[in-house]
> 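Sharing a structure below in structure tokens format, with a few things to ask.
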Amino acid sequence: MLIKEIVNMLTEKIYDQVVNRNPGEVEFHQAIKEVLESIEPVLGRHPEFVEAKIVERIVEPERQLMFRVPWMDDNGGIHVNRGFRVQFNSAIGPYKGGLRFHPSVYLGIIKFLGFEQIFKNALTGLPMGGGKGGSDFNPKGKSDTEVMRFCQSFMSELFRHIGHNTDVPAGDIGVGGREIGYMFGQYRKLTNAFTGILTGKGRGWGGSLVRPEATGYGLIYLMDEMLKGMGTDFAGKIAAVSGSGNVAQYAVQKINQLGGKVVTLSDSNGFIHDPQGISGDRWDYVMTLKNVRRGRIKEYAQEFGCEFHECKRPWGVKCDLALPCATQNELDGDDAKTLIANGVLAVGEGANMPSTPEAIEAFLSNNILFAPAKAANAGGVATSGLEMSQNSLRLSWSFEETDAKLKNIMVNIYKSMSEIIETYDMPGNYVAGANIAGFMKVANAMLDQGLI
Ligand code: NDP
């Protein structure tokens with residue numbers, strides 16, 4: 001039998017084991033499948049990884065925590081949510097990865113995100129392991145005091161499992177500066193220690209400049225490198241962006257700075273189409289709408305007299321660049337075909353796993369430049385890593401210095417992926433490039449550290 005076939009049988013066996021051991025966790029299965037497919041050529045060349053059962057070990061989290069989060073609403077009513085923290089892999093550094101507060105959260109979502117985080121963090125070149133956490137709590141429609149009471153209760157359990165050398169959570173969907181603040185305050189009170197146990201902190205109390213912008217900016221820095229590799233850039237390009245949260249907001253700002261035009265934004269109620277472009281006072285409006293008033297994107301259409309498409313996603317709009325920045329599986333095979341038929345040039349994943357396997361297959365087989373999430377949105381965690389460094393040094397770097405470090409990290413990610421693509425002769429396949437580059441680093445660290 002050919003080595004290729006033997007390796008394929010092995011990865012299929014591992015996949016079946018994962019499915020049986022983690023029943024119903026479909027997002028986790030999806031994330032595992034993509035990585036297993038990508039690393040098959042590596043296993044063919046590195047029998048030492050097979051012998052040491054690196055893959056069987058890497059798909060099993062080091063530790064999974066689930067806990068009760070009781071809290072009281074403003075009327076005295078009592079609610080109970082479930083909290084999660086999955087500490088997936090710490091071979092190259094303390095567990096690092098965000099907390100998501102969203103009603104769709106369950107163990108399978110946290111595991112998929114934690115698994116992806118291992119390779120993403122490795123790609124940044126910084127010493128960070130992979131983890132993820134969150135809760136099925138929905139912050140939408142809650143008052144500030146309700147969110148505070150929830151965050152305090154959540155941290156009252158999480159605090160015993162994290163630490164600046166152990167596990168350093170950050171934000172994600174539903175967890176921004178407000179939530180990080182409440183959780184940090186509770187941690188400080190419980191431990192009587194001011195340490196960098198969360199990233200995404202406020203500027204005046206240990207936060208890093210550029211962290212709010214980092215994921216969106218990083219996405220555009222990476223795509224800019226990829227476009228330059230094709231002899232083009234953002235100038236004059238039309239972009240369709242989904243979501244209207246942290247990642248989308250700063251991706252839009254950076255595209256505007258580079259001379260592109262963004263014509264869509266969305267939330268879970270639908271998308272707006274503004275052919276004039278979301279820039280200047282229109283971008284300012286989005287920032288206030290989403291971060292201060294916490295309103296719906298539909299209000300943008302009312303304010304500026306453009307179209308709002310209820311319960312629809314923006315992938316039918318003709319564009320050069322498509323940037324899914326909302327959530328997982330928000331761009332499917334049919335959406336991909338529509339984008340391709342409309343002449344899309346490049347797709348960059350700001351969100352985690354926003355494209356379904358069918359969509360990725362369509363982009364790759366049609367030679368569309370495709371920046372996978374692990375690489376494309378790594379700027380957020382990279383800047384979290386820079387925040388950790390500043391906290392340890394008890395120093396604070398300027399905006400320019402931090403932004404330059406972020407840009408450098410994104411350029412290096414592009415280079416690592418490109419080198420892998422060349423080594424394994426997979427032209428244009430940045431999915432494999434990102435998965436293999438991240439996997440190699442963690443696998444080698446696990447080999448070096450023995451059977452733990
Ligand atoms: P936010 O909570 O700031 O914004 C999320 C946006 O996505 C909102 O517009 C939200 O709309 C929309 N959205 C969420 N769920 C759905 C859904 N099921 N259907 C349609 N729209 C939805 O989150 P972020 O911008 O921080 O995160 C967006 C994505 O980027 C996530 O996948 C996250 O994991 C990923 N990411 C974020 C990083 C960061 O630094 N923030 C780092 C790396 C990845 P609505 O308000 O209606 O819910």
Side-chain angles (χ1 to χ4, degrees), residues 27 31 96-105 109-110 112-114 116-117 119-121 123-124 128 130 132-134 137-141 169-180 198-200 207-208 210-219 222 241-252 264-272 286-287 289-291 293-300 309-315 323-332 348-355 371-387 406 410:
E27 298 84 0
K96 181 92 196 86
L99 298 169
R100 175 176 293 190
F101 292 169
H102 193 273
S104 65
V105 164
I109 293 268
I110 300 298
F112 120 63
L113 290 164
E116 298 258 299
Q117 199 80 44
F119 308 103
K120 182 188 305 188
N121 294 3
L123 273 175
T124 66
M128 299 182 290
K132 199 82 188 188
F137 172 73
N138 186 0
K140 238 179 272 169
D172 190 76
I173 291 179
V175 178
R178 174 182 62 169
E179 291 76 14
I180 293 288
L198 288 170
T199 55
S208 174
V210 192
R211 180 60 190 89
E213 295 86 350
T215 309
Y217 278 20
L219 166 67
L222 183 86
V241 175
S242 67
S244 48
N246 174 265
V247 180
Q249 291 161 12
Y250 289 102
V252 172
T264 69
L265 278 176
S266 71
D267 59 24
S268 46
N269 296 110
F271 80 92
I272 54 120
V286 174
M287 295 303 279
L289 175 71
K290 286 293 170 182
N291 304 328
R293 287 173 36 222
R294 300 184 191 276
R296 310 307 300 156
I297 201 66
K298 183 182 188 175
E299 295 167 50
Y300 178 104
H309 299 264
E310 186 129 21
C311 295
K312 295 246 166 61
R313 302 183 293 202
W315 313 127
L323 303 169
C325 295
T327 193
Q328 63 275 357
N329 293 327
E330 55 161 316
L331 196 163
D332 64 20
E349 295 191 313
N352 281 312
M353 209 167 76
S355 314
K374 279 186 202 84
N377 68 31
V381 74
T383 310
S384 279
L386 300 178
E387 182 172 328
L406 166 64
M410 299 314 293

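In each ligand, atom 1 is the first atom listed, and ligand 1 is the first ligand listed.
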> Anything under 30° is parallel, anything over 60° is perpendicular, the rest tilted; go ahead and classify H309 against F271.
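Because their plane-to-plane angle is under 30°, the rings of H309 and F271 count as parallel.
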
> Are V381 and M128 close enough that some pair of their side-chain heavy atoms sits under 4.5 Å apart?
yes

> Not counting sequence neighbours, which residues clear ring pair (Phe, Tyr, Trp, His ring centres under 6.0 Å) with Y250? List them please.
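With neighbours one apart ignored, the set is empty.
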
> Check this for me, if you would: do K374 and E116 make a salt bridge, where the nitrogen-to-carboxylate-oxygen distance has to be below 4.0 angstrom?
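The answer is yes: the pair qualifies as a salt bridge.
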
> Under a 4.0 Å heavy-atom cut-off, which residues neighbour ligand 1?
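Those residues closer than 4.0 Å to ligand 1 by some heavy atom are R100, H102, K140, D172, I173, G174, R211, T215, G243, S244, G245, N246, V247, S266, D267, S268, R296, C325, A326, T327, G350, A351, N352, N377.
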
> Any side-chain donor paired with an acceptor under 3.5 Å for R211 and T199?
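Judged by distance alone, the side chains do not pair up.
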
> Go through I180 and V175 one step at a time and tell me if the side-chain contact (heavy atoms from CB on, under 4.5 Å) criterion holds.
CA-CA 7 Å; I180 293 288; V175 178; 4.0 Å; yes

